Amino acid sequence: MDDLTRDRFLGGRLELWQPRRGYRAGVDPVLLAAAVNTKPGQSVLDMGCGVGAAALCLGRRVADLSLTGLELQPDYAALARRNANENAIPFELIEGDLATMPAPLRARQFDHVIMNPPYFDRATGTAAEEASREIALGGPTPLSLWIEQAARRLAPRGFLHVIQRADRLPDLLTAAQAGLGSLRLLPLIPRPGRDSQLVILRARKGGRAAFRLHAGLVLHDSASHDGDRENYSETIRSVLRDGAALPFPR
């Protein structure tokens, strides 16, 4: 993978190499990482980690985490290793398919599992031009298996955080209820008056609290794009530019 860009995240606190073409990490993994309620010394598994955006954003915000990434595509795994090394963030990379969990992960459990599964169901969608983008956006592994494998990797009382498209919420909730509890859903609303397009789900292994649907978090202040400038809300701007935590409601 030779045609790369080096992109700045968290206001330049993190710089990541990415392919110029194919799947590229943007705002979504940054928001996912910011929502994770982790503490120094805890272990985190990023399933389908790509170039490492979510895990490395989390590692930059919270010190002394034990970070592990699972990635199917070797080129992306290589970039994740490079990104971790160049940003001086310890990050163990394991290549493999979550559908047949690699042996180094089968006997391990983590305090947190995070993931940004493919947004589209390829059984009803169309293919992308780039093979790597096709896998990242709509691979063959069903969403239910992503959730099942994540639950298996969680330690008792451990947390799962998932970012996903709002239109896949029925599948996401059905899958999560099979092995997790204390489900809490945070809709992400692009602009005032718009429908939610993305959601972040927090679930707990062994959790028994009632399901909670939180008020949506609006990403942009204005109702429409008003010129060549960003207009993120103050909360989102602090996450994207300052590496702040996302204030997941209590």
Side-chain angles (χ1 to χ4, degrees), residues 22-36 46-50 53-54 57 72-73 98-99 113-151 159-204 207 210-225 231-233 235-236 239-240 246-249:
Y23 174 75
R24 292 172 54 82
V27 170
D28 300 1
V30 183
L31 296 176
L32 171 64
V36 181
D46 185 352
M47 282 179 41
C49 67
C57 283
L72 174 65
Q73 302 185 75
L98 67 90
V113 175
I114 63 176
M115 60 188 193
N116 183 181
Y119 282 164
F120 301 98
D121 182 353
R122 285 301 176 221
T124 58
T126 58
E129 293 181 2
E130 294 285 334
S132 62
R133 183 174 174 81
E134 164 70 7
I135 292 172
L137 290 180
T141 305
L143 185 57
S144 59
L145 186 54
W146 280 80
I147 301 297
E148 177 187 335
Q149 292 285 38
F159 287 96
L160 169 68
H161 286 80
V162 187
I163 190 167
Q164 184 54 250
R165 283 174 57 94
D167 59 9
R168 299 203 69 192
L169 184 54
D171 294 336
L172 181 61
L173 291 178
T174 298
Q177 287 174 329
L180 300 165
S182 300
L183 306 185
R184 299 172 61 183
L185 191 72
L186 179 64
L188 302 177
I189 300 171
R191 297 183 185 276
R194 303 277 187 92
D195 291 339
S196 173
Q197 294 182 355
L198 295 173
V199 297
I200 296 177
L201 176 69
R202 175 182 289 175
R204 195 167 198 181
F211 171 75
R212 294 181 64 187
L213 174 61
H214 297 293
L217 183 63
V218 179
L219 304 188
H220 295 87
D221 284 328
S222 65
S224 62
H225 185 66
N231 60 350
Y232 288 113
S233 69
T235 296
I236 298 302
V239 168
L240 300 180
L246 188 69
F248 212 106

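What you are looking at is a predicted structure, and each value in this text was computed from that prediction instead of being measured. Keep in mind that the numbers below use all heavy atoms, side chains included, and drop hydrogens, waters and symmetry copies. Residue indices begin at 1 and follow the sequence shown.
- Closest of all the heavy-atom pairs between V36 and L32 is CG2-O, 3.3 Å.
- Side-chain contact between L172 and L201 is present, with heavy atoms from C-beta onward closer than 4.5 Å.
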Ignoring hydrogens and angles, write down the donor-acceptor pairs under 3.5 Å from the side chains of residues 159-168, residues two or more places apart or on other chains.
| residue | atom | partner | partner atom | Å |
| --- | --- | --- | --- | --- |
| H161 | NE2 | A35 | O | 3.3 |
| H161 | NE2 | R202 | NE | 2.7 |
| H161 | NE2 | R202 | NH2 | 3.4 |
| Q164 | NE2 | P118 | O | 3.4 |
| R165 | NE | D167 | OD1 | 3.2 |
| R165 | NE | D167 | OD2 | 3.4 |
| R165 | NH2 | D167 | OD2 | 2.7 |
| R168 | NH1 | P118 | O | 3.2 |

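- In this structure, the side chains of L219 and R191 stay at 4.5 Å or more apart for every pair of heavy atoms.
- A 4.5 Å side-chain heavy-atom check between T235 and P247 finds at least one atom pair inside the cut-off.
- Nearest approach of A33 to C57, heavy atoms of both residues: CB-CB, 3.8 Å.
- At a threshold of 4.5 Å between non-hydrogen side-chain atoms, the residues L240 and L31 count as touching.
- Side chains of V199 and L186 form no contact here, defined as non-hydrogen atoms less than 4.5 Å apart.
- Between the CE atom in M115 and the CG atom in D46 there is a gap of 10.0 Å [rounded to 0.5 Å].
- For L145, the side-chain contact (heavy atoms from CB on, under 4.5 Å) partners are L98, A99, T141, P142, E148, Q149, not counting sequence neighbours.
- For the atom pair CG of D28 and OH of Y119, the computed distance is 3.5 Å after rounding to the nearest 0.5 Å.
- Qualifying ring-ring contact (aromatic ring centres under 6.0 Å, His included) partners for F248, counting only residues two or more places apart in sequence or in other chains: H214.
- At a threshold of 4.5 Å between non-hydrogen side-chain atoms, the residues I189 and D195 do not count as touching.
- At least one side-chain heavy atom of I236 sits under 4.5 Å from a side-chain heavy atom of L246.
- A donor-acceptor contact shorter than 3.5 Å links the side chain of S196 to the backbone of L188.
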I'd like to know whether I114 forms a side chain to side chain contact (heavy atoms under 4.5 Å, CB included) with M47, so could you lay out the CA-CA distance, the side-chain angles of the two residues, the decisive distance to 0.1 Å, and finally the verdict.
CA-CA 6 Å; I114 63 176; M47 282 179 41; over 6 Å; no
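- Considering every non-hydrogen atom in both L213 and P187, the closest pair reads CD1-CG, 4.0 Å.
- In this structure the side chain of L180 reaches within 4.5 angstrom of the side chain of I147, judged on heavy atoms.
- Contact detail for W146 and G48: the closest heavy-atom pair is CH2-CA, 4.1 Å.
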